[in-house]
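Just so it is clear, the values below take in all heavy atoms, side chains as well, and ignore hydrogens, waters and symmetry mates. Chain letters run A, B, ... following the sequence lines, proteins first, then strands; residues in each count from 1.
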There are 2 protein chains.
Amino acid sequence: MTTFLGDMLTITELAREAGVTARAIRFYESKGLLTPRRAGTTRIYTHRERGRLQLILRGKRLGFSLTDIGEYLDLYDADPTQHDQIVLLLDKVNNRIGELESQKADIDDTLKELSGVRAQALAAMDDESAQAAQF
Amino acid sequence: MTTFLGDMLTITELAREAGVTARAIRFYESKGLLTPRRAGTTRIYTHRERGRLQLILRGKRLGFSLTDIGEYLDLYDADPTQHDQIVLLLDKVNNRIGELESQKADIDDTLKELSGVRAQALAAMDDESAQAAQF
DNA sequence: AACTTAGTTGACGTTAACGTCAACTTTGTT
DNA sequence: AACAAAGTTGACGTTAACGTCAACTAAGTT
């Protein structure tokens with residue numbers, strides 16, 4: 001294992017670093033979200049794949065399906081010399097931005113409600129201690 | 001069907017209004033997220049259930065599981081006279097707020113990246129038309 | 001050379017969130 | 001009364017996203 005690896009990681013190393021299982025990483029690959037090089041039969045993960053994995057995990061945290069995430073990743077791979085591709089790209093990017101902004105609005109609504117709940121809870125506790133101070 | 005219904009809806013009416021299937025609504029009930037009254041055997045949905053359903057759907061848009069959503073809905077039902085409940089409630093509310101804020105951060109990161117992608121795409125199109133203008 | 005230690009490829013199992021019947025009962029209509 | 005429409009309860013099917021094995025192989029170790 002004293003072979004020079006530089007920026008490269010094995011699947012279990014990447015898994016630990018990212019906090020997921022190797023199985024999950026292979027699964028993402030089977031869905032076309034990752035395409036690691038191979039050293040013989042063994043998968044080798046480099047900077048690019050690490051970044052992609054982070055994007056995948058972030059997408060998951062936002063509740064997107066792996067299919068959606070795949071389309072998102074594709075946005076980074078468009079050929080800037082193909083006019084048609086760029087036009088399609090722009091459309092998809094704009095759609096994605098719209099979705100994310102409405103999701104953000106949902107979050108803000110929820111946060112406001114939770115602030116309300118919290119305020120009520122604090123008020124209830126105040127009442128309680130005021131009540132206790134009576135005796 | 002000319003019975004007075006007032007604020008009340010039948011399951012298919014509620015389903016249409018909310019854009020989901022009746023099956024989904026029954027499913028949410030089976031998970032304890034909704035508890036409609038009954039007129040004999042038929043479910044009756046009133047203002048409260050409609051609001052709850054909206055909260056469920058918003059939770060889904062944010063990528064939460066029905067279990068998570070159930071805990072979220074519980075936050076609205078805490079008894080303000082029970083000290084222990086309120087303390088627990090505050091803790092849960094604060095956790096939820098934290099999660100949502102980090103989710104919001106993920107969204108903002110993604111939005112920034114997408115802006116970058118868009119800018120690159122627009123630049124590529126500019127180059128292209130400039131190129132075309134050469135001839 | 002014999003072994004342990006990753007890593008690899010199937011292949012089947014599992015959970016969440018419904019979809020899709022089938023078989024009834026209940027209502028309102030003709 | 002007879003009937004179509006809507007609602008109800010099972011119960012089985014389906015998809016996504018992995019978990020869990022089993023059986024092999026390649027790579028260093030002793």
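The interatomic distance linking B:Y45 (OH) with D:dG7 (C1') rounds to 10 Å, in whole Å. For the pair A:I11 CD1 and C:dT5 C1', the computed distance is 16 Å after rounding to whole Å. Whole-Å rounding puts the B:R38 CZ to D:dT8 P distance at 6 Å. Going from atom NZ of A:K31 over to atom P of D:dC18 covers 10 Å, rounded to whole Å. We find that CG of B:L14 is positioned 17 Å from P of D:dA6, with the value rounded to whole Å. Counting to the nearest Å, the C1' atom of D:dC12 and the CZ atom of B:F27 are 15 Å from each other. In this structure, A:L33 places its CG atom 13 Å from P of D:dA16, rounding to the nearest Å. Atom CD1 of B:I25 is separated from atom P of D:dT9 by 13 Å (rounded to the nearest Å).
In the interface, the side chain of B:R26 is not paired with the base of D:dT9 through any donor and acceptor atom under 3.5 Å apart.
Considering only side-chain N and O atoms, A:T42 lies nowhere under 4.0 angstrom from the phosphate OP1 or OP2 of C:dA6. When the side-chain nitrogen and oxygen atoms of A:T41 are compared with OP1 and OP2 of D:dT25, none of them lie within a distance under 4.0 Å. The side chain of B:T21 contributes no N or O atom lying less than 4.0 Å from OP1 or OP2 of C:dC18. B:R23 has no side-chain polar atom (N or O) that falls below the 4.0 Å cut-off from OP1 or OP2 of D:dG13.
Counting heavy atoms of neighbouring residues, nucleotides and ligands inside a 6.0 Å radius, atom CD of A:Q120 does not exceed 12 of them.
Checked against D:dG7, D:dC18, D:dG19, the side chain of A:Y28 finds its nearest nucleotide in D:dC18. Residue B:T10 places its side chain closer to D:dG7 than to any other of C:dC18, D:dT20, D:dG7. Of the candidate nucleotides C:dG7, C:dG19, D:dG19, C:dG7 has the atom lying nearest to any side-chain atom of A:T12.
Under the 4.5 Å side-chain criterion, counting only non-hydrogen atoms from C-beta, A:K60 is in contact with A:L66. Between A:R50 and A:E17 the shortest side-chain heavy-atom distance falls below 4.5 Å. Between A:L111 and B:R96 the shortest side-chain heavy-atom distance does not fall below 4.5 Å.
No option in A:D109, A:T110, A:D106 other than A:T110 meets the side chain to side chain donor-acceptor pair (under 3.5 Å) test with B:R58.
Under 3.5 Å, the side chains of A:E113 and B:Y76 contain a donor-acceptor pair of N or O atoms.
Within residues 51-75 of chain A, the residues approaching DNA chain D are A:K60, A:S65, A:L66, by heavy-atom distance under 4.0 Å.
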B:R43 and B:T10: CA distance, side-chain angles, deciding distance, side chain to side chain donor-acceptor pair (under 3.5 Å) verdict: CA-CA 6 Å; B:R43 279 168 254 252; B:T10 174; over 6 Å; no

